[in-house]
Colleague: 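First the structure, then my questions, so here it is.
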Amino acid sequence: MEQEMAQDKLAFMIGSSKGKAYISRIELDKLHISISAIHRIAMALDVEVRDLISFSGKKPTACKLKPSATLAVV
């Protein structure tokens with residue numbers, strides 16, 4: 001959200017052929033993704049992998065967006 005990046009743009013930047021639906025499923029916690037995919041997302045957003053992962057055992061809520069919204073960086 002801080003970068004005002006649309007889901008489809010992020011999907012393109014990480015090389016996903018599934019478009020914004022892929023990013024939306026990640027945000028909604030409906031898809032398990034590999035560390036490689038997390039790394040590609042971090043690189044595209046110019047953040048550290050640790051910035052995208054909750055280590056507290058609680059699900060991060062800042063990433064929960066409507067499918068038409070942009071991806072939020074936690």
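The figures here come from the full heavy-atom set of this structure, side chains too, leaving out hydrogens, waters and symmetry mates. Quantities reported herein were computed from a predicted structural model and do not represent experimental measurements.
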Colleague: What are the two closest heavy atoms between M5 and A44, and how far apart are they?
Modeller: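 The answer is CE-O, 4.1 Å.
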
Colleague: Test of understanding: clusters of I, L, V, M, F, W, Y form through side-chain heavy atoms closer than 4.5 Å, transitively. Do L31 and F12 belong to the same one?
Modeller: no

Colleague: Can you list the residues that meet the side-chain contact (heavy atoms from CB on, under 4.5 Å) rule with A21, with sequence neighbours excluded?
Modeller: none

Colleague: Could you tell me the separation between the CD1 atom of I38 and the CD1 atom of I26, rounded to the nearest 0.5 Å?
Modeller: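 Between I38 CD1 and I26 CD1, I get 8.0 Å after rounding to 0.5 Å.
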
Colleague: Rounded at 0.5 Å granularity, tell me how far CD in E27 sits from NZ in K20.
Modeller: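 With rounding to 0.5 Å, CD (E27) is 11.0 Å from NZ (K20).
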
Colleague: In sequence, state the C-alpha distance, the side-chain angles, and the governing distance for I33 and I41, and then conclude on side-chain contact (heavy atoms from CB on, under 4.5 Å).
Modeller: CA-CA 11 Å; I33 64 172; I41 291 169; 4.3 Å; yes

Colleague: Measure across G19 and A11 and return the closest heavy-atom pair with its distance rounded to 0.1 Å.
Modeller: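 Shortest heavy-atom contact: O-CB, 3.3 Å.
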
Colleague: Once rounded to the nearest 0.5 Å, what's the spacing between atom OG of S24 and atom NZ of K30?
Modeller: 8.5 Å

Colleague: Applying a strict under-4.5 Å side-chain criterion to I, L, V, M, F, W and Y, I'd like to know whether M43 and I23 cluster together.
Modeller: no

Colleague: Tell me whether L10 is reachable from V49 by hopping between hydrophobic residues (I, L, V, M, F, W, Y) whose side-chain heavy atoms are closer than 4.5 Å.
Modeller: yes

